[in-house]
There are 2 protein chains.
Amino acid sequence: MERGQPAFLLAQLGAHAANQFTERLAVLQLTPADAGILRLLRVAAAISQQELSEKLRIHPSRLVAILDNLERRQLVERKPNPNDRRLYSLHLTKDGGEILERIGKVAREHQEALLSALNAADRKKLTELLQQVGDQQGLTRGVHPGYQRLGKTKPADLKHS
Amino acid sequence: MERGQPAFLLAQLGAHAANQFTERLAVLQLTPADAGILRLLRVAAAISQQELSEKLRIHPSRLVAILDNLERRQLVERKPNPNDRRLYSLHLTKDGGEILERIGKVAREHQEALLSALNAADRKKLTELLQQVGDQQGLTRGVHPGYQRLGKTKPADLKHS
DNA sequence: TATTGTTATACTCTATAACTATA
DNA sequence: TATAGTTATAGAGTATAACAATA
């Protein structure tokens, strides 16, 4: 919580980065969770909603509404799984692939704007340091903790009421 | 959104850091907003709720409940302002000062755990780089963007419903 | 009997706006 | 008439748990 402390700076800048990216994605009418799903479906096609929810740590019941929306916009398709009729087989559509490219462009612009204070060498160094910390902390690459919720705020009188 | 990209790493690690710190603070029955308020009152005593809400970008109506809670626990005191009876003059109590020290201890432990992958030189370098980026992005030191809300998700059909 | 996806419900959090007391 | 703080209300977002279909 102290100013100038790297842990606080990380939390502060991370929230800022997430906010900026969220705003840029809004131009495409997408949320970060939408983008995460589309990106995952490119490399892990045909997975079920259950598998998707586990990989991204999104609650299954929350996935339903998100996928309903993406399917209505024809970015994702729910195909039947012939082996097990309880499961869906999720696929990226042609439109989904195209919007994924636009997401990539938005992400690059976002990153450029975010790191404009640093030269190439410093960006490389920053990336290395962040990756070291992330690996040691056991973070799964490409999975944003914001997708999931924290394990409920236990202490009964923690909240203000 | 790409893996290994510094912008995504920042958002990912920042959310992780915030989550970890939130969990540690919960042991003291405090939220990050509580801690931010207590810290600010140490250096900016006697300010009004209005001023506090502006500095931390917390909505005034939200502040009421937070301060009610902190005052009930005798960590903060609302004193009358003799010059303008509409305003409160906010002060840290003795207990508030003491818990602030415990918050500092928690923050140091949190930071140590978070950055255990890095040696002293790398931590210094990381701090410098983050500070450069934060300054260029116009972030106010010590003010976490998570305290406030985003300017409402404009596009009507952005949300899933 | 267990599991996938869905729906219904309840809960938490927050902002909006109305209200009071002071200025 | 405007402002500080408060309260009441409503809205968004989410998890919990019950449900139907299938295994």
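Proteins come first, then strands; the chains are lettered A, B, ... in the order of their sequence lines, and each starts at number 1.
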For residues 90-99 of chain B, which side-chain donor-acceptor pairs fall under 3.5 Å, sequence neighbours excluded?
from, atom 1, to, atom 2, distance (Å)
B/His91, NE2, B/Ser89, OG, 2.7
B/Thr93, OG1, B/Gln74, O, 2.6
B/Thr93, OG1, B/Leu75, O, 3.2
B/Thr93, OG1, B/Asp95, N, 3.4
B/Thr93, OG1, B/Gly96, N, 2.9
B/Lys94, NZ, B/Glu98, OE2, 3.1

Does C/dT7 have OP1 or OP2 under 4.0 Å away from a side-chain N or O of A/Arg62?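 False: A/Arg62 side-chain N/O out of range (4.0 Å or more) of C/dT7 OP1/OP2.
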
B/Gln50 vs D/dT3: side-chain N/O to OP1/OP2 distance below 4.0 Å: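 No, no such contact exists.
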
Calculate the interatomic distance between [X] atom [atom1] and [N] atom [atom2]; express it in whole Å.
{"X": "B/Leu63", "N": "D/dT6", "atom1": "CG", "atom2": "P", "result": "9 Å"}
{"X": "A/Asp68", "N": "C/dG5", "atom1": "CG", "atom2": "P", "result": "13 Å"}
{"X": "A/Ile47", "N": "C/dG5", "atom1": "CD1", "atom2": "P", "result": "10 Å"}
{"X": "B/Leu52", "N": "D/dT6", "atom1": "CG", "atom2": "P", "result": "12 Å"}
{"X": "B/Glu54", "N": "D/dA4", "atom1": "CD", "atom2": "C1'", "result": "11 Å"}
{"X": "B/Gln49", "N": "D/dT3", "atom1": "CD", "atom2": "C1'", "result": "13 Å"}
{"X": "B/Ile66", "N": "C/dT14", "atom1": "CD1", "atom2": "P", "result": "8 Å"}

Donor-acceptor check, side chain of B/Gln137 to backbone of A/His16, threshold 3.5 angstrom: yes or no?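 Pair absent, no side-chain N/O of B/Gln137 close to backbone of A/His16.
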
Under 3.5 Å, is there a donor-acceptor pair between the side chain of A/Gln49 and the main chain of A/Leu87?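 Answer holds: no.
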
Euclidean distance, A/Asp34 CG relative to A/Leu28 CG, rounded to 0.5 Å: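 Between A/Leu28 CG and A/Asp34 CG, I get 10.5 Å after rounding to 0.5 Å.
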
Do A/Leu41 and A/Leu100 touch side chain to side chain, with heavy atoms closer than 4.5 Å?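 Side chain of A/Leu41 against side chain of A/Leu100, heavy atoms only: no contact under 4.5 Å found.
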
Between B/His144 and A/Phe8, how do the two ring planes meet: parallel, tilted or perpendicular, split at 30° and 60°?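 Rings of B/His144 and A/Phe8: perpendicular, as their planes differ by over 60°.
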
Heavy-atom contacts, protein to nucleotides 17-23 of chain D, under 4.0 Å, summarised as B (base), S (sugar-phosphate only) or - (none) per nt, yield -----BS

